[in-house]
Number of protein chains: 2
Amino acid sequence: MERVTKRPAVTVGTRPGGRSERVVRSVLKAAAEELSLSGFTNFRVEEVALRAAVAKTTIYRRWPTKTDLVAAMLHAPLIADDATVDTGSLRGDLLETLRRGVAKGGTPEGRAAIRMVQAEIENPEVAELVRVLRRARRKAFREVVKRAVARGELAPTVDSNLLLDMIMGPVHGRMRLGEPVPASLMESVVDIVVAGFNAAAAPPRR
Amino acid sequence: MERVTKRPAVTVGTRPGGRSERVVRSVLKAAAEELSLSGFTNFRVEEVALRAAVAKTTIYRRWPTKTDLVAAMLHAPLIADDATVDTGSLRGDLLETLRRGVAKGGTPEGRAAIRMVQAEIENPEVAELVRVLRRARRKAFREVVKRAVARGELAPTVDSNLLLDMIMGPVHGRMRLGEPVPASLMESVVDIVVAGFNAAAAPPRR
DNA sequence: GAACTATCGCAACTCGAAGTTGCGTTTGCA
DNA sequence: TGCAAACGCAACTTCGAGTTGCGATAGTTC
């Protein structure tokens, strides 16, 4: 006479409305707060449960590990505003792209995200998240380059990924250390990179 | 009748020879192995003790925290080869600087170091370590720039720190994700940056 | 609006790794 | 040769991640 009552260990999401939605929202909000207060390393799931006024088990049933929770929390906002920038000029677009990146990485959440990614880069899910975000960003940026080429501001042969890395890379170090990134620095970087791409493309070096 | 036998909780290093030296060396070696095998997050002090055939307490008495141990292990090798590069040309010097940086960051220890720095950047000692290393690197690089200016390859007004960031930054992202950094990429970066600095310096933009 | 069950709350767990303590033993060094 | 610095060992504390079992609540379906 076996009682075969299915007891799902993990919340599956067949009941998305009402209470469940409230729980998810308040947990993610509390997670964001905890992340910006404590950073990833000192992020405590129990503290999130307290903030969200929710049982710790409820959290673990929906997000099996701390990393899952943080990743879920970061996913939406980070992937959201990949709306294409379009200011009308290459310089403007690059500056705007850079500004947005710095704005993202400059917030406590952004820095925490970078930290998490670093600390957990061996974690396949985190690595996959990084790949997804990067792919989205590179794809969006390809449009910027395409328009610049159409305007004659760039050679058609430019490597858009390299261009993106070259404007974002130099400021990443400062962002990672929590240092400010002044607007003048962003402008210098963009100007030098643009000049460099033009000069390197026009005369075939040497 | 108080017995005032001083029992120092932490090893102070008044006895640097013989056994102590052997202990320090084998622990640091074991720590390096463990770091490259497990990364910083999964780095277990007890495992280091086993590898080094040393008591766990011995480790803790000399390096009070896991971070201290890893930092000590990284300090020597990372700060070591800051011998000035001098190939005779700016392009060569930049390439060599970039190559060395990539070589450092490409090893398992290097990646682990980057990861540790990220994860523990709130830790004052780690932050200080980063500042020290960066200061040393920037100082060494200033010589490179000075010689290039003397040769007339750069304007005297260049910001050497910016130049360093602009060659190292773009490849850092790949290094952090454990991706390869092909030589062709390094050359592209250097060429574009050099061209950019020259072009941006000569005509005062606009 | 009644029943079915997904989801939640609660309390008490296990587990693993960091870091500690006390004491006896070895060994560098004066 | 002797004293204290440094080590070995074993048992301990602490803390946070993740688990388990069961009863209570509340979406959803008919």
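We name chains A, B, ... by the order of the sequence lines, and we start the count at 1 in each one.
Every side-chain hydrogen bond (donor to acceptor under 3.5 Å, both in side chains) that Glu33(B) has, sequence neighbours left out, goes to Arg51(B). For the salt bridge (Lys or Arg N to Asp or Glu O under 4.0 Å) test, no residue two or more places apart in sequence or in another chain qualifies with Arg44(A). Applying the side chain to side chain contact (heavy atoms under 4.5 Å, CB included) rule to Arg62(B) yields the partners Thr11(B), Ser20(B), Val24(B); only residues at least two apart in sequence or on another chain are considered. Remark: Ala148(A) engages Leu90(A), Arg151(A), Glu153(A), Leu154(A) in a side chain to side chain contact (heavy atoms under 4.5 Å, CB included) (not counting sequence neighbours). By the side chain to side chain contact (heavy atoms under 4.5 Å, CB included) test, Lys56(A) is found to be paired with Val45(A), Glu46(A), Ala49(A), Tyr60(A), residues two or more places apart in sequence or in another chain being considered. With sequence neighbours excluded, no residue satisfies side-chain hydrogen bond (donor to acceptor under 3.5 Å, both in side chains) with Arg22(B).
Among dA4(D), dA18(C), dC8(C), the nucleotide with an atom closest to any side-chain atom of Val45(B) is dA18(C).
Of the two residues near DNA chain C, Glu21(A) and Tyr60(B), the one whose nearest nucleotide lies more 5' is Glu21(A).
Here Arg44(B) lies in heavy-atom contact (under 4.0 Å) with sugar-phosphate atoms only.
Regarding Glu47(B), its CD atom lies at a distance of 15 Å from the P atom of dG16(C), rounded to whole Å. Rounded to whole Å, atom C1' of dC7(D) lies 10 Å from atom CZ of Arg62(B). The distance between atom CD of Glu34(A) and atom P of dG16(D), rounded to the nearest whole Å, is 10 Å. Rounded to whole angstrom, the span from the CD atom of Glu46(A) across to the P atom of dC10(C) amounts to 13 Å. Rounded to an integer number of Å, the gap from NZ of Lys66(B) to P of dT20(C) is 15 Å. The interatomic distance linking Asn42(B) (CG) with dA17(D) (C1') rounds to 14 Å, in whole Å. Rounded to whole Å, the distance from CZ on Arg61(B) to P on dC23(C) is 14 Å. Distance, Arg25(A) CZ to dC8(C) P: 14 Å, rounded to whole Å.
Within the helix from dG1(C)-dC30(D) to dA30(C)-dT1(D), the inter-axis angle between the opening and closing five-pair segments is 40°, rounded to 10°.
The backbone N or O of Val144(A) sits nowhere less than 3.5 Å from a side-chain atom of Asp93(A) that would complete a donor-acceptor pair. A donor-acceptor pair under 3.5 Å is absent between the side-chain atoms of Ser38(A) and the main chain of Leu35(A), judged by distance alone.
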Only pairs under 3.5 Å count here: list side-chain donor-acceptor contacts from residues 158-173 of chain A, not counting sequence neighbours, and write none if there are none.
| unit_1 | atom_1 | unit_2 | atom_2 | d |
| --- | --- | --- | --- | --- |
| Asp159(A) | OD1 | Asn161(A) | N | 3.0 |
| Asp159(A) | OD1 | Leu162(A) | N | 3.1 |

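For Arg19(B) against dT27(C), a side-chain-to-base donor-acceptor contact under 3.5 Å is absent.
Contact annotation: Thr11(A) side-chain N/O to dC8(C) OP1/OP2 distance is under 4.0 Å. Between Arg22(A) and dG27(D) there is a side-chain N or O to OP1 or OP2 distance below 4.0 Å.
Near DNA chain D, meaning a heavy atom under 4.0 Å away, the residues from residues 52-59 of chain A are Lys56(A), Thr57(A).
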